[in-house]
Q: 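Could you have a look at this structure, given as structure tokens, before my questions?
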Amino acid sequence: MKNPENLKYSKDHEWVREEGKKVVVGITDYAQESLGGLVYVNVPEVGDEVVATESFCDVESVKAVSDIYSPVSGKIVAVNELLLDSPESINEDPYGNGWIVEIDEITDTDELMTAQEYEDYCNTLSKE
């Protein structure tokens, strides 16, 4: 899957879509592919504060439990309730219905990459 050009990306394989003064966050196609079939998502609470590069939730796949790291700092204003009953939505549509949270009061966006920078980054990982 091609990484959408309108998103920004973190080195921890999360994506960020700006929507006015807030952002929507999910994991990339690369991440969901690496994880395999997701069976559970432990979503955070609305109102939780998140810090860039720190874990804010975790996902359980058929392979392992993995932390998801916040690509920005801010306050969670919405969580994707669909994931509670259908965690596989992340596998099926990581850039659409598979979003995880919305974050407001955003800071620490300097480390985010463009789609091309992220693809280049992933290519270096596959060569290691």
Q: If I compare all heavy atoms of L83 with all of I90, which pair ends up nearest, and what's the gap?
A: CD2-CG1, 3.8 Å

Q: Would you tell me whether Y9 and T28 have side-chain atoms, one donor and one acceptor, within less than 3.5 Å of each other?
A: no

Q: Taking only residues two or more places apart in sequence, or in another chain, which ones meet E14 in a salt bridge (charged side-chain N to carboxylate O under 4.0 Å, His left out)?
A: none

Q: Only pairs under 3.5 Å count here: list side-chain donor-acceptor contacts from residues 99-110, not counting sequence neighbours, and write none if there are none.
A:
{"residue": "E102", "atom": "OE1", "partner": "K22", "partner atom": "NZ", "Å": "2.8"}
{"residue": "D108", "atom": "OD2", "partner": "S73", "partner atom": "OG", "Å": "2.5"}

Q: For Y30, check ring-ring contact (aromatic ring centres under 6.0 Å, His included) against everything at least two apart and list the hits.
A: H13

Q: Of the non-hydrogen atoms in I76 and P44, which two are nearest, and what is the gap between them?
A: CD1-CG, 3.3 Å

Q: Taking only residues two or more places apart in sequence, or in another chain, which ones meet Q116 in a side chain to side chain donor-acceptor pair (under 3.5 Å)?
A: D120

Q: Is any side-chain heavy atom of P71 closer than 4.5 Å to one of V25?
A: yes

Q: Do L82 and Y40 share a hydrophobic cluster, counting only Ile, Leu, Val, Met, Phe, Trp and Tyr and linking them when any side-chain heavy atoms are less than 4.5 Å apart?
A: no

Q: Any chain of hydrophobic side-chain contacts (each under 4.5 Å) joining V24 to L7?
A: yes

Q: Using the rule that Ile, Leu, Val, Met, Phe, Trp and Tyr join whenever any side-chain heavy atoms are under 4.5 Å apart, tell me whether Y95 and V23 fall into a single cluster.
A: no

Q: Taking side chain to side chain contact (heavy atoms under 4.5 Å, CB included) as the test, write out the residues that go with S55, two or more places apart.
A: D67, Y69

Q: Write down the atom of E117, the atom of M113, and the distance for their closest heavy-atom approach.
A: OE1-CA, 3.3 Å

Q: Determine whether D29 and W15 make a side-chain contact, defined as any pair of heavy atoms from C-beta on separated by less than 4.5 Å.
A: no

Q: Rounded to the nearest 0.5 Å, how far does CG of L38 lie from CD1 of I27?
A: 5.5 Å

Q: As a quick check of understanding, evaluate side chain to side chain contact (heavy atoms under 4.5 Å, CB included) for R17 and N6, giving each step before the final call.
A: CA-CA 7 Å; R17 181 176 61 237; N6 64 323; 4.3 Å; yes

Q: Compare all side-chain heavy atoms of K8 with those of T114 and state whether any distance is below 4.5 angstrom.
A: yes

Q: Apply side chain to side chain contact (heavy atoms under 4.5 Å, CB included) to E111 and list each qualifying residue two or more places apart in sequence or on a separate chain.
A: none

Q: Listed by chain and number, what are the salt bridge (charged side-chain N to carboxylate O under 4.0 Å, His left out) partners of E5, not counting sequence neighbours?
A: none

Q: Mind checking what makes side chain to side chain contact (heavy atoms under 4.5 Å, CB included) contact with D85, not counting sequence neighbours?
A: none

Q: Look at the side-chain heavy atoms of Ile, Leu, Val, Met, Phe, Trp and Tyr, link any pair under 4.5 Å apart, and say whether I68 and L84 land in one connected group.
A: yes

Q: Applying side chain to side chain donor-acceptor pair (under 3.5 Å), can you list everything that pairs with S89, at least two apart in sequence or on another chain?
A: none

Q: Sequence neighbours excluded, which residues qualify as side chain to side chain contact (heavy atoms under 4.5 Å, CB included) partners of E88?
A: S86, N91, E92

Q: Just list the side-chain donor-acceptor pairs under 3.5 Å for residues 56-66, sequence neighbours left out, or say none.
A:
{"residue": "D58", "atom": "OD2", "partner": "N42", "partner atom": "ND2", "Å": "3.4"}
{"residue": "S61", "atom": "OG", "partner": "L35", "partner atom": "O", "Å": "2.9"}
{"residue": "S61", "atom": "OG", "partner": "K63", "partner atom": "N", "Å": "3.0"}
{"residue": "S61", "atom": "OG", "partner": "A64", "partner atom": "N", "Å": "3.1"}
{"residue": "S61", "atom": "OG", "partner": "A64", "partner atom": "O", "Å": "3.2"}
{"residue": "K63", "atom": "NZ", "partner": "S34", "partner atom": "O", "Å": "3.2"}

Q: Inspect the surroundings of CD in E19 and state if more than 12 heavy atoms from other residues, nucleotides or ligands are less than 6.0 Å away.
A: yes

Q: Kindly write out the residues that satisfy side chain to side chain donor-acceptor pair (under 3.5 Å) with E18, not counting sequence neighbours, or none if the list is empty.
A: none

Q: Should V72 and V43 be regarded as members of a common hydrophobic cluster, given that ILVMFWY residues are connected when their side-chain heavy atoms come within less than 4.5 Å of each other, either directly or indirectly?
A: yes

